[in-house]
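Working notes, beginning with the structure itself.
Scope of the values below: all heavy atoms of this structure, side chains included, with no hydrogens, waters or symmetry mates. Sequence lines set the chain letters: A, B, ... in the order given, protein chains first and strands last, and positions in each chain run from 1.
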Protein chains: 2
Amino acid sequence: MDLPARSAAKGERAASQTLRAQLMLRSLIIGGKLRPGERVSELQMVDRLGVSRTPVRAALIHLEHENLVEALPTGGYAVKELAEPEILVSIEIRGTLEGLAARMAAERGAAPQLIAAAREALDLIDAVVEPVARPVNLEHYVNYNARFHDLIVEMAGSDTLARQIERASVLPFASPSALVLLEPDSVETYQALLMSQLQHRTVLAAVELRQGTRAEAMMREHARTAHSNLQRALAAGRKLAELAVVELGGR
Amino acid sequence: MDLPARSAAKGERAASQTLRAQLMLRSLIIGGKLRPGERVSELQMVDRLGVSRTPVRAALIHLEHENLVEALPTGGYAVKELAEPEILVSIEIRGTLEGLAARMAAERGAAPQLIAAAREALDLIDAVVEPVARPVNLEHYVNYNARFHDLIVEMAGSDTLARQIERASVLPFASPSALVLLEPDSVETYQALLMSQLQHRTVLAAVELRQGTRAEAMMREHARTAHSNLQRALAAGRKLAELAVVELGGR
DNA sequence: TTTGTCCTAAGTGTATACATAATAGGGACG
DNA sequence: CGTCCCTATTATGTATACACTTAGGACAAA
């Protein structure tokens, strides 16, 4: 993002203008630089992003499908307002689909190397949340957590399902890599992480034992952790825009 | 769709070129005019659809999110190959999400007028599948069936969920409005319709009684009807492309 | 002061031109 | 006769020009 365009010409693959516009717009919206409800003027984005209207338009169509903007009836797009109920629904959708993935993984049987990789990710999380390691390195936690979730989805073996889950995880608070933190170093936060990890272990065990229903139920419950975290934060009077969100995302 | 373009100038809203391109491309793909795996050349589509490249490109981005085409690594798009396992997964996803909708409707409580409308739709289906009415008017059945499914989704009261379900229903065989018929007028088909209608009644009753888990489970099972119909058809040696599909879709 | 109308400016939808990358086909050489 | 390379063509990605619609404001009249 802060890379000048020419640096792409050398070492790495030059990202298309469309992709760059999409990523930049996404971070503008999630970062709150573009307010909810605000119209996203194409020409303004041309000035702001340094690409022409065509890639901006393409990016807007993509973002529309990601639920980050919505088409106005008169034409053009506006930043979608993320009302609390819709965010909770998004979390529920993600949990439901990840639950489906876990069940499919259990019923079909997951590839041994995927199981091993998942166990490895969980071991790494264990090291992060080990009591002697406090304060917890949240970046690491989020990172390994994302890896585990990705692996579960991969075990299901369906691109269609993977893409649908990815789509449901785009919303800032709906992603499994998003942690809503009341107080980053509190005992409550620590215990929440421990509980999440316990759920991870249970899901993986259920998948290995071919217990589809159990895997599904536990994965759903796991998603509801994010659900209740967010609800508690909101009940504590925080507004959505002010919430501290740690997000990395290994994708 | 069969309306000439100029009629739009008078009574109804003139459809945008982008939307027209999207609909035409979709029917070309679903209708098999464009073969799976075939590249969708933009210039050829300009000739074929009578719109310029810009709306064709926009339509292709939309169709990519609908899983009907996929982006080629070299650039451009190709018609997505619909392998059997992925279709079954799509049905499972739709069933899972519709199940979530039914549960949410039950737990939140659905608006009385929506309940009444749903019951009305089911009464209309009853009339269609009444024994004296044989042979069954499948167009009517599909129509009222789609209305019922839409109403259940509406009862959940979430635009996000509605859009996600709509997206999952785009694939030709995954829609609730799609009936895979081994033999259109056979006794088996008739009994399958009766069973579906029984499931409809059960779902609606569960929603009214606020029985969320029951509503969800029954809705899932209902979707698996399509699942097993398709599997039986494939087991009978039919190829996907040859299957007779009746699809109307009230949307 | 308020309301209605007209005018200006901005914005989107669409078409098209241009540049670059991929591809297919043919010809030459081994 | 087969294989490899070069070239011509085609396709996409991007930028931009044009037309039409919509929104907003100012001015005049009640």
Side-chain angles (χ1 to χ4, degrees), chain A residues 1 3-26 28-29 34-35 37-65 68-80, chain B residues 4-26 28-29 34-35 37-65 68-80:
Chain A
M1 189 187 312
L3 298 172
R6 71 184 47 176
S7 85
K10 206 178 55 179
E12 45 182 42
R13 187 93 198 93
S16 74
Q17 301 291 76
T18 298
L19 185 59
R20 285 182 50 198
Q22 189 179 344
L23 295 177
M24 292 166 83
L25 271 177
R26 189 149 62 187
L28 281 180
I29 293 172
L34 294 172
R35 300 284 170 78
E38 186 179 344
R39 184 188 200 115
V40 185
S41 163
E42 296 178 5
L43 289 176
Q44 286 179 22
M45 292 308 122
V46 166
D47 289 343
R48 202 158 174 177
L49 306 182
V51 300
S52 81
R53 275 187 64 204
T54 304
V56 168
R57 271 182 88 67
L60 284 170
I61 298 177
H62 284 291
L63 293 181
E64 181 192 6
H65 285 275
L68 289 178
V69 302
E70 63 186 342
L72 298 174
T74 106
Y77 292 92
V79 178
K80 193 149 185 184
Chain B
R6 69 182 47 177
S7 84
K10 207 176 56 178
E12 48 181 43
R13 189 96 197 92
S16 73
Q17 301 291 77
T18 298
L19 186 59
R20 285 181 50 199
Q22 190 178 344
L23 295 177
M24 292 166 83
L25 271 177
R26 188 148 63 188
L28 281 181
I29 293 173
L34 294 172
R35 299 286 170 76
E38 184 179 347
R39 184 189 200 114
V40 184
S41 163
E42 296 178 5
L43 288 176
Q44 287 178 22
M45 291 307 123
V46 167
D47 289 344
R48 200 156 174 178
L49 307 182
V51 299
S52 82
R53 274 187 66 204
T54 304
V56 168
R57 271 182 87 69
L60 283 171
I61 297 177
H62 283 291
L63 293 181
E64 181 192 6
H65 284 277
L68 288 177
V69 302
E70 63 186 343
L72 298 174
T74 111
Y77 293 91
V79 178
K80 194 149 184 183

- Task: Search all heavy atoms of Glu64(A) against all heavy atoms of Ala71(A) and return the closest pair with its distance.
- Result: OE2-CB, 3.8 Å

Where do N or O atoms of nucleotides 14-18 of chain C meet protein N or O atoms at under 3.5 Å, pair by pair?
unit_1: dT14(C); atom_1: OP1; unit_2: Gln17(B); atom_2: N; d: 2.4
unit_1: dT14(C); atom_1: OP2; unit_2: Thr18(B); atom_2: OG1; d: 2.8
unit_1: dA15(C); atom_1: OP1; unit_2: Gln17(B); atom_2: NE2; d: 3.4
unit_1: dA15(C); atom_1: OP2; unit_2: Ser52(B); atom_2: N; d: 2.9
unit_1: dA15(C); atom_1: OP2; unit_2: Ser52(B); atom_2: OG; d: 2.6
unit_1: dA15(C); atom_1: O5'; unit_2: Ser52(B); atom_2: OG; d: 3.3
unit_1: dA15(C); atom_1: N7; unit_2: Thr54(B); atom_2: OG1; d: 2.6
unit_1: dT16(C); atom_1: O4; unit_2: Thr54(B); atom_2: OG1; d: 3.3

- Not counting sequence neighbours, list each pair that qualifies as a side chain to side chain donor-acceptor pair (under 3.5 Å) and has a residue in residues 44-56 of chain A. Glu42(A)-Arg53(A)

- Which heavy-atom pair separates Val56(A) from Met45(A) by the least distance, and what is that distance? CG1-CB, 4.0 Å

- Message: Here's a test for you: under side-chain contact (heavy atoms from CB on, under 4.5 Å), which of Ile61(B), Leu25(B), Leu63(B), Leu68(B) qualifies with Tyr77(B)?
- Response: Ile61(B)

- Here the distance between atom P of dT12(C) and atom CG of Leu60(A), to the nearest Å, is 9 Å

- Message: Without decimals, in angstroms, what is the distance between Glu64(A) CD and dT12(C) P?
- Response: 14 Å

- Message: For a quick test of reading the model, state the closest non-hydrogen atom pair linking Ala78(A) to Gly37(A) and the distance between them.
- Response: CB-O, 3.9 Å

So which protein nitrogen or oxygen atoms get under 3.5 Å of nucleotides 6-11 of chain C's nitrogens or oxygens?
none

- Message: If I compare all heavy atoms of Arg35(A) with all of Val79(A), which pair ends up nearest, and what's the gap?
- Response: O-CB, 3.4 Å

- Query: Rounding to a whole Å, what distance do you find between Ile61(A):CD1 and dG13(D):P?
  - Reply: 13 Å

- Item | OG1-CZ distance between Thr18(B) and Arg57(A), expressed to the nearest 0.5 angstrom | 6.5 Å

- Query: Rounding to a whole Å, what distance do you find between Leu72(B):CG and dA21(C):C1'?
  - Reply: 14 Å

- Mind checking the NE2-NE2 spacing from His62(A) to His62(B)? Nearest 0.5 Å is all I need. 9.5 Å

